[in-house]
Protein chains: 2
Amino acid sequence: MTKKLTKAAAAKAATRNPEAGEDAAPMSNRATRAAERRDAIVAAAMEEFIARGFAATRLDDIAKRAGVAKGTIYLHFKDKESMFEELVRTVIVPVVVKLSALPPPTSSVRDLIETFAGNFLKEVIGTRRGDLVRLIVAEGPRFPAVADFYYREVVSRGIAGMRALIELGIARGEIHQANLARYPQIVIAPAMIAVIWQSLFARHAPLDAQDMLRVHLDLIFGERRTT
Amino acid sequence: MTKKLTKAAAAKAATRNPEAGEDAAPMSNRATRAAERRDAIVAAAMEEFIARGFAATRLDDIAKRAGVAKGTIYLHFKDKESMFEELVRTVIVPVVVKLSALPPPTSSVRDLIETFAGNFLKEVIGTRRGDLVRLIVAEGPRFPAVADFYYREVVSRGIAGMRALIELGIARGEIHQANLARYPQIVIAPAMIAVIWQSLFARHAPLDAQDMLRVHLDLIFGERRTT
DNA sequence: TGACTATGACTGACTAGTCAGTCATAAATG
DNA sequence: CATTTATGACTGACTAGTCAGTCATAGTCA
């Protein structure tokens, strides 16, 4: 029983790091193909979970979409629930890494935040990742493990990072409202709303997220005079 | 087949309007009890759906919680799906009505919005209604009927109303950023984030929604000097 | 008013179908 | 050939929806 879980974890580890000993050696064919299959399953599972939610998603459908037999899924994941949890980790982590890479802090705080917003726009809003965020909001209460992970890895870091930027902005005189540092959520809120809007209401009323975020930054920093 | 649906609708109508002819006449015991049962089912269903999501909710559990046999549910609702849809309507409509009642427009735009935010805080944020909003975000994509209804009755009205207020604020010189009227979402966003935050992260990091909304209004209107 | 009948709200055991997870077998690999 | 990996038919638990039967209440009549 526990053996299988261990094996799944090992397979996952192999995906990113083919055995500590051989270091940079190329992965064996087997490991490569196993990793490819795992990725296919993760991709298929993401599509299905996003489209139907956790409970209504059938493993048969995931298997079919991934071009794999159902049993194969159980070679990589303990069960449906932990597949969902690992899926979230697998997809979220690279995004966080990407978005955490801030540009040189030589520019103005506004430019820093604007760059971040641009990346967020490109990497999340209106993409499958955005749908995944909506899915986390949807399933979070039923998956404390997911909600905890998301809070720890994404939300708390995002809030902390944004707070640091706001404080820098205040110190430099770019931001005039000191209280803003107490609620970084206010700065992030429109971006989150854009994510949800695209998932739910885009077909009723399309939203120009980029333009909206610019207006929001104008509100925080004051309107741009010259570039 | 269609008869049953009609009957359910009739029972529902009877809840609020006991037969057009007799006007103010008291409802018969039967109709009263039927209405009470329907309400009990709606309340039970809301709890269960919020806790488990649509797909994972068992009608047996709803019945048990409502103190009713499973068959009774089908006297009031066509099936699980339309029960969910009617539930959303039943719960949302009164809230919209309540929140639509604006105070006399003699006060400043800031006061108008602040009053609205206060009501929203009391009626939605941190309540079962707030959880329901999260549920709509969660299930919306799988229930176009629900998403459409919510967009039509809540979102589009809210956006339009807020836009009117913003334009008034601009005209009166209370709001300086004219572009804000193009994205009323920006004004509403923190309130929505507060709703979601309470559902998902309150136990990780409690959020003083009221204070946050005040800070946000300070950002839009400039900080308060005197009252 | 009291007795008798008609109504339809309510019940819950039951059916038919679904789907997560298993495992005996087969294929691939080295 | 031995071992690892993959398959998909199968099982058993679970649940949406049904329906024949019950019974409290409304209606009728003497």
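Lettering follows sequence order; numbering is per chain, from 1. Note: hydrogens, waters and symmetry copies are ignored here, and every other heavy atom, side chains too, is used.
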Could you tell me the separation between the [atom1] atom of [X] and the [atom2] atom of [N], rounded to a whole number of Å?
{"X": "A:Ile41", "N": "D:dT7", "atom1": "CD1", "atom2": "C1'", "value": "13 Å"}
{"X": "A:Met83", "N": "C:dC19", "atom1": "CE", "atom2": "C1'", "value": "13 Å"}
{"X": "B:Asp60", "N": "D:dC14", "atom1": "CG", "atom2": "P", "value": "12 Å"}
{"X": "B:Lys64", "N": "C:dT11", "atom1": "NZ", "atom2": "P", "value": "14 Å"}
{"X": "A:Leu59", "N": "D:dA9", "atom1": "CG", "atom2": "P", "value": "16 Å"}
{"X": "B:Tyr74", "N": "D:dT15", "atom1": "OH", "atom2": "P", "value": "13 Å"}
{"X": "A:Glu81", "N": "C:dC19", "atom1": "CD", "atom2": "C1'", "value": "16 Å"}
{"X": "B:Ile62", "N": "D:dT15", "atom1": "CD1", "atom2": "P", "value": "12 Å"}

Closest to the [X] side chain, choosing from [options]:
{"X": "A:Lys80", "options": "D:dG8, C:dG12, C:dA20", "answer": "C:dA20"}
{"X": "B:Val68", "options": "C:dT11, D:dA16, C:dC19", "answer": "C:dT11"}
{"X": "A:Thr72", "options": "D:dA16, C:dT11, D:dA6", "answer": "D:dA6"}
{"X": "B:Arg37", "options": "C:dA20, C:dT11, D:dA16", "answer": "C:dT11"}
{"X": "A:Leu75", "options": "D:dG17, D:dA6, C:dG12", "answer": "D:dA6"}

Hey, is the main chain of [Y] close enough, under 3.5 Å, to the side chain of [X] for a donor-acceptor pair?
{"X": "A:Ser199", "Y": "A:Ile196", "result": "no"}
{"X": "B:Arg134", "Y": "B:Gly130", "result": "no"}
{"X": "A:Asp79", "Y": "A:Ser82", "result": "yes"}
{"X": "A:Glu139", "Y": "A:Phe54", "result": "yes"}

Can you confirm whether B:Glu123 is buried at CD, in the sense that more than 12 heavy atoms of other residues, nucleotides or ligands lie under 6.0 Å from that atom?
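More than 12 heavy atoms, drawn from other residues, nucleotides or ligands, come within 6.0 Å of this atom.
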
If the cut-off is 4.0 Å, is B:His76 near the phosphate of C:dC10, judged by side-chain N/O to OP1 or OP2?
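The answer is yes; a side-chain N or O of B:His76 sits under 4.0 Å from OP1 or OP2.
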
If you assign each of B:Ala69 and A:Phe54 to its closest nucleotide in DNA chain C, which residue comes earlier from the 5' end?
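Mapping each residue to its closest nucleotide by heavy atoms, the 5'-most match is B:Ala69.
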
Give B:Lys70 one of three labels, base, sugar-phosphate or nothing, depending on what nucleic acid heavy atoms sit under 4.0 Å from its own.
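Answer is base: heavy atoms of B:Lys70 come under 4.0 Å of a base.
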
